[in-house]
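Report on the structure given below.
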Amino acid sequence: MIRINENYSKLKASYLFSDIAKRVNAYVAANPGKSVIRLGIGDVTEPLPPVCIEALHQASDEMGHRSTFKGYGPEQGYAFLRDAIAQHDYAARGCPIAADEIFVSDGAKCDCGNIQEIFAQDVRLAIPDPVYPVYVDTNVMAGRTGPNVDGRYEGITYLESTPANGYVPSVPKVATDLIYLCFPNNPTGAVATRAQLTEWVQYARQHKAVILFDSAYEAFIRDPQIPHSIYEIEGAREVAIELRSFSKTAGFTGTRCAYTVIPKSLVAYDAAGNAHPLHALWNRRHTTKFNGVAYPIQKAAAAIYTDAGKQQTRDLIDFYLGNAKLIREAMTRLGFSCMGGDNAPYLWVNTGRDSWEFFDLLLNRAQVVCTPGAGFGKCGEGHVRISAFNSRENVEAALARIAAALK
Ligand code: MLT
């Protein structure tokens, strides 16, 4: 008799953003005349930078000629893209990351969901609360947790991000093995200072742990004091994996391209205590289960590292940060305290009310979609996340509607 993976039964019935989409679709069906503005899921709205479009066209033409046609590419990504990443995202910031330590993929969501499979079943997890749900759900699916009791899975050390710690958790008092960190943070928009990241790297070194550092939103950092990469911290090459994405940096949510960095100096241990390089394990996994990102997409991604590409992506992000500033100002005027929006595309609004109730209120009275904080974890209760990814016109209209609705 074929059986299911019963770990799936521990999960909530549906993924947070599918759940929200269902509610919004039901509202739209019941209220056909009303226009809904979506500031919920962090999906970009502005077109791809012109350099990317040009590269896509050129690369597509190459695919139409026998002499330049490409079949399977290297699973880890083409050298032209890995070299550009190593040079512009790492060497330029003084981070010693080599091109062959970079694995190009079709998304940071897939990478952060898949990476857990190279670790032992019984590793001790440290996961922030609130958190991007993929980190938790994929470990639940893999059987690394007990059941969900009162909104928390047994077997996870939760790293609480609250107003009291400025939404940046400190290292736990207990030892853990696999630590998920995300800065600039999704959902809170908080950033971590060099001192805070140093504390995490030291903790990981002390416990022979690994940090999964998700920096999908690093391009939104405008404060020059804030590190963009965990590898700006001394000693991180021995304890950290970094995940990055072109999704939010260059509008690739529908185009799909990302990368994961695994330094060759990073090891984990077998039951006998022997060290094994994680680079080799991930390479084995990647070559077995992945066949590379399409050539035209990698060409488009590489185009953002040209001078014109750098300017165009900066302008794109400045545009969203302009939206974020407007949201922050408007919500502050309404009397809410807010985190984020200055070095991140997300505003984390402390509403002091039940977060699903506040979500329903904004949907029903203002036709604006946000994301209820409780969907990101227990500590998200009392908050909502507002995304800056939309047109200026829609953001301004949404803010006017919210102000009128909350009067
Ligand atoms: C979010 O809204 O949290 C993100 O869009 C999710 C993602 O990047 O997968």
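All values derive from a computational prediction rather than experimental measurement. In each ligand, atom 1 is the first atom listed, and ligand 1 is the first ligand listed. Just the heavy atoms: all of them, side chains too, but no hydrogens, waters or symmetry mates, feed the values below.
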Would you check the N or O atoms of Phe376, main chain and side chain alike, for any that come under 3.5 Å of an N or O of ligand 1?
no

With distance as the sole criterion, is a donor-acceptor pair present between the side chains of Tyr259 and Asp111 under 3.5 Å?
no

Answer yes or no on whether Arg23 is positioned over the face of Trp356, meaning its NZ or CZ is under 6.0 Å from the six-membered ring centre and within 45° of the axis.
yes

Per-atom contacts of ligand 1 with Ile41, taking only distances under 4.0 Å to non-hydrogen atoms
2 (O), 5 (O)

I'd like to check which ligand 1 atoms, numbered from 1 as shown, lie under 4.0 Å from a non-hydrogen atom of Phe17.
1 (C), 2 (O), 3 (O)

Check the angle between the aromatic planes of Tyr217 and Phe220 and answer parallel, tilted or perpendicular using the 30° and 60° thresholds.
tilted

Under 30°, 30 to 60°, or over 60°: which ring-plane class applies to His383 and Tyr167, parallel, tilted or perpendicular?
perpendicular

Does an N or O anywhere in Lys109 fall below 3.5 Å from an N or O of ligand 1?
no

A side-chain contact here means heavy atoms from C-beta on lying under 4.5 Å apart; do Ile317 and Arg314 qualify?
no

Which residue and non-hydrogen atom of the protein lie closest to atom 4 (C) of ligand 1, and at what distance in Å?
Lys248 NZ, 3.6 Å

I want to know if ligand 1 touches Asp43 in the polar sense, i.e. an N/O pair below 3.5 angstrom.
no

Tell me the protein heavy atom at minimum distance from atom 7 (C) of ligand 1, and give that distance in Å.
Tyr132 OH, 3.2 Å

Which of the ligand 1 atoms, numbered from 1, are nearer than 4.0 Å to a heavy atom of Gly42:
1 (C), 2 (O), 5 (O)

Any N or O of Asn186 that comes nearer than 3.5 Å to an N or O of ligand 1?
yes

Are Glu396 and Arg392 close enough for a salt bridge, meaning some N to O gap below 4.0 Å?
no

So which of Thr157, Thr176, Asp177 actually passes side-chain hydrogen bond (donor to acceptor under 3.5 Å, both in side chains) with Arg124?
Asp177

Below 4.0 Å, non-hydrogen atoms only: which portion of Tyr15 touches ligand 1? Side chain, backbone, both or neither.
neither

